[in-house]
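Following: one structure in structure tokens, then a few remarks.
Residue numbers start from 1 in every chain, and the chains themselves are labelled A, B, ... in the order their sequence lines are given, proteins ahead of strands.
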Amino acid sequence: MDHEQPLAELLRVRREKLERIRELGVDPYPYSFARTHQAADVLSRSADLETSKETVSLAGRLMAIRGMGKSSFAHIQDSSGKIQIYVKKDIVGDTTYEVFKLLDIGDHIGLKGYVFTTKMGEISLHVDELILLAKSLRPLPIVKEKEGQIFDAFTDKETRYRQRYVDLVVNPEVRPVFETRARLLAISRRFLEEWSFLETETPILQPLYGGAAAEPFVTHHNVLERDLYLRIADELYLKRLIIGGFDRVYEIGKDFRNEGMDRYHNPEFTQLELYAAYEDYTFCMRFVEELYNRLALELLGTTKLTYEGKEYDLQAPWPRYRFFDLISESVGLDVRVLSDAALERECNASGLKLAAGEVGRGKMLDKLFGARVEPKLGGPCFVLDYPLELSPLAKRHRQDPGLVERFEGFLGGREFCNSFSELNDPADQRARFEDQGKLRALGDLEAQPLDEDFLHALEIGMPPTAGLGMGIDRLTMFFTDQHSIRDVLLFPQMR
RNA sequence: GAGAAUGUAGCUCAGCCGGUAGAGCAGCGGCCUUUUAAGCCGUUGGUCGCGGGUUCGAUUCCCGCCAUUCUCACCA
């Protein structure tokens, strides 16, 4: 006892209270409670409720207690918000008041009573009956507030992410981000449905990964005695479904990439991928513009969006720029006619050097674009027609075989989607895979492995098809004005 | 991978030019039947991230390590 740790003492006190509550004949963990209202309902309809004096029942977590001897005020919080309650000993009875005295901040309680307004003008519940719904055994951070000013906010980033349940209880600004995320997904699904897309589910555990330039996570199946990969993209499976005869398919799901983490990257993230038969990449541009307009209007009520202090207008159509025009303009030379050596000199001049494993003309162009062009792209806009080397799954440009019909969407200087007219010539696809194999042999760990079954499927025949991939996490960041991917993920990856 | 900052009570933070710690909130005890960052009185609570070094003496100075956060790099 004398050398008890401070936290241990707080825990002990709560467990002892739990026992005392049990000794009073009260079950601290009952099974259910019938509610008639939520806190926000009471506050918004207080005038009626106050005159009718009808019985209202609420349930919530105790967030503040102000005891005054034989009566007490407290605040409870439910999923709609907070409301004050008033508990009087001579109303609820001696035993209940004794139980009440044994409650802590964090406990769940159920209440019946009537609505009234206090002397100080706060709409409150005058409690007739109070029951404990679940005892809390650990201290919650205590956040206080006066006139909108927050005191002692629970701010430790690491603890907030690791104990998201505490963060959600205590920091009211967190929940709406995830509600918006959910609405954004629901609106997107409805929109996809309107556009006749079928939602599908393809393997996350894959014998061979592909569909993006990234390193995969490897896992092992014991009974099959073989390694499997967590998917880095849905692409190759969704195209198999197009080959199978579904005209429009999509999947919203997690992809996994074994790469670094920063405020834009989490090892697992959510992506929307869609494929539409008989369409090319211009279809996807229209789709993206219209989806963004729909999302903006439904979520924000306007096409104007503020992100990190800057305003963007999502009103369609968005400007379209060509990849090589942008890059040549920024470098001041026609990049397309530069030799590999000249290109490398240009990269060096921009202070870019290719790390080990970064090989080929494509990578150089990619880095140059990332360094010289991307930061200046406010957006929304589309960048079109990328070099062939960067896009092993995209179809050659109909007017320029050195390019592919591909675009990326940009907003706030960040790429947020990627789309192309899908390569459906099996011979060309095989050649592109073989080129990837050469890059891999040179040490490019992100080069895509040759997928023989996918080629088999392409040989069965894939109609002309347009494909699109879009990161849901970044989309959520834009629409909730969050600056870190961790703030739009309920449980971000921690070390 | 590099740099910067941070690490003291359950939470939020002080702690000077070295003398082994302080506040508010929470907790505990008392008073209080319309309070609201409730109030008043009293009170518990600390391996000062870890390990070395300097020193009579280190939370404080030095070195190393660990962890976290942010920025940059990497990452379609």
When the ring planes of [X] and [Y] are compared, do they come out parallel, tilted or perpendicular, using 30° and 60° as the limits?
X	Y	answer
A/F323	A/Y386	tilted
A/F478	A/Y307	perpendicular
A/F407	A/Y281	tilted
A/F416	A/Y292	tilted

Using Watson-Crick and G-U wobble pairs with both distances under 3.5 Å, what is the 5'-to-3' dot-bracket string of RNA chain B, with [ ] for crossing pairs and | for pairs outside the strand?
-> (((((((..((((.....[..)))).(((((.......))))).....(((((..]....))))))))))))....
Any residue meeting ring-ring contact (aromatic ring centres under 6.0 Å, His included) with A/Y97, in chain and number order, not counting sequence neighbours | A/F100
Could I get the full list of ring-ring contact (aromatic ring centres under 6.0 Å, His included) partners for A/Y321, not counting sequence neighbours?
-> none
Ignoring hydrogens and geometry, is there a side-chain-to-backbone donor-acceptor pair from A/S419 to A/G467 under 3.5 Å?
-> yes
Spell out, as yes or no, whether a donor-acceptor pair under 3.5 Å connects the side chain of A/D255 to the backbone of A/F269.
-> no
Would you classify [X] as touching base, sugar-phosphate or nothing, given that sugar-phosphate means primed atoms plus P, OP1 and OP2, and contacts are heavy atoms under 4.0 Å?
X	result
A/L11	nothing
A/M470	nothing
A/K82	nothing
A/A212	nothing
A/R14	nothing
A/R486	sugar-phosphate
A/T159	nothing

Calculate the interatomic distance between [X] atom [atom1] and [N] atom [atom2]; express it in whole Å.
X	N	atom1	atom2	value
A/E259	B/A73	CD	P	16 Å
A/R15	B/G27	CZ	C1'	14 Å
A/Y264	B/C74	OH	C1'	15 Å
A/D262	B/U69	CG	P	13 Å
A/R160	B/U68	CZ	P	17 Å
A/R138	B/A9	CZ	P	17 Å
A/E158	B/G49	CD	P	16 Å
A/I150	B/C25	CD1	P	17 Å

Kindly indicate whether the side chain of A/R486, heavy atoms from C-beta on, has any atom under 4.5 Å from the side chain of A/M494.
->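 Yes, at least one pair of side-chain atoms sits under 4.5 Å.
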Roughly how far apart, to the nearest Å, are [N] and [M] at atom [atom1]?
N	M	atom1	result
B/C56	B/G46	C1'	25 Å
B/U60	B/U55	C1'	13 Å
B/A21	B/G49	P	14 Å
B/G45	B/G3	P	43 Å
B/U12	B/G27	C1'	16 Å
B/A26	B/U68	P	32 Å
B/C41	B/G24	P	11 Å
B/C11	B/A2	P	31 Å

Quiz item: A/D90 side-chain donor-acceptor pair to B/U33 base, under 3.5 Å | yes
Measure distances between side-chain N and O atoms of A/D156 and base N and O atoms of B/C11, and say whether any donor-acceptor pair falls under 3.5 Å.
-> no
Residues [X] and [Y] bridged, charged N to O under 4.0 Å:
X	Y	value
A/R45	A/D48	no
A/D128	A/K112	no
A/R432	A/D435	no
A/E19	A/R22	yes
A/R14	A/D104	yes

From A/I109 atom CD1 to A/E129 atom CD, the distance as rounded to the nearest 0.5 Å |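 The CD1 atom of A/I109 sits 13.0 Å away from the CD atom of A/E129.
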Taking syn as within 90° of 0 and anti otherwise, name the glycosidic form of B/C17.
->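 Base orientation: syn.
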Would you mind telling me which of A/I327, A/L377, A/D325 makes a side chain to side chain contact (heavy atoms under 4.5 Å, CB included) with A/V383?
-> A/L377
Any A/R257 side-chain nitrogen or oxygen under 4.0 Å from OP1 or OP2 of B/C75 | no
Short side-chain N/O contact from A/K17 to OP1 or OP2 of B/C28, under 4.0 Å |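 Indeed, a polar side-chain atom of A/K17 lies that close.
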Shorter than 3.5 Å, N or O on both sides, protein versus nucleotides 34-38 of chain B: list them out with atom names.
{"from": "B/U34", "atom 1": "O2'", "to": "A/K119", "atom 2": "NZ", "distance (Å)": "3.2"}
{"from": "B/U34", "atom 1": "O2", "to": "A/K119", "atom 2": "N", "distance (Å)": "2.9"}
{"from": "B/U35", "atom 1": "O2", "to": "A/R66", "atom 2": "NE", "distance (Å)": "2.7"}
{"from": "B/U35", "atom 1": "O2", "to": "A/R66", "atom 2": "NH2", "distance (Å)": "3.2"}
{"from": "B/U35", "atom 1": "O2", "to": "A/Q84", "atom 2": "OE1", "distance (Å)": "3.3"}
{"from": "B/U35", "atom 1": "N3", "to": "A/Q84", "atom 2": "OE1", "distance (Å)": "2.8"}
{"from": "B/U35", "atom 1": "N3", "to": "A/Q84", "atom 2": "NE2", "distance (Å)": "3.0"}
{"from": "B/U35", "atom 1": "O4", "to": "A/Q84", "atom 2": "NE2", "distance (Å)": "2.6"}
{"from": "B/U35", "atom 1": "O4", "to": "A/T118", "atom 2": "OG1", "distance (Å)": "2.7"}
{"from": "B/U36", "atom 1": "O4'", "to": "A/R66", "atom 2": "NE", "distance (Å)": "3.2"}
{"from": "B/U36", "atom 1": "O2", "to": "A/E122", "atom 2": "OE1", "distance (Å)": "2.8"}
{"from": "B/U36", "atom 1": "N3", "to": "A/E122", "atom 2": "OE1", "distance (Å)": "2.6"}
{"from": "B/U36", "atom 1": "O4", "to": "A/T118", "atom 2": "OG1", "distance (Å)": "3.3"}
{"from": "B/A37", "atom 1": "O4'", "to": "A/E145", "atom 2": "O", "distance (Å)": "3.2"}
{"from": "B/A38", "atom 1": "OP1", "to": "A/K144", "atom 2": "NZ", "distance (Å)": "2.0"}
{"from": "B/A38", "atom 1": "OP2", "to": "A/R66", "atom 2": "NH1", "distance (Å)": "3.2"}
{"from": "B/A38", "atom 1": "N6", "to": "A/G67", "atom 2": "O", "distance (Å)": "2.5"}

Hey, which of these two, A/M261 or A/A213, hits RNA chain B nearer its 5' end, going by closest nucleotide?
->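 First, find each residue's nearest nucleotide; the 5'-ward one identifies A/M261.
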Find which nucleotide of RNA chain B each of A/L390 and A/S484 is nearest to by heavy atoms, and output the residue with the more 5' nucleotide.
->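 First, find each residue's nearest nucleotide; the 5'-ward one identifies A/S484.
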Please tabulate the protein-to-nucleotide N/O contacts below 3.5 Å involving nucleotides 42-44 of chain B, giving atom names and distances.
none

For RNA chain B, find the residues of residues 97-112 of chain A with a heavy-atom distance under 4.0 Å and give them by number; none if there aren't any.
-> none
Checking side chain to side chain donor-acceptor pair (under 3.5 Å) against A/N424, which of A/K395, A/Q429, A/K239 comes through?
->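 With A/N424 as partner, A/K395, A/Q429, A/K239 yield a single side chain to side chain donor-acceptor pair (under 3.5 Å), made by A/K395.
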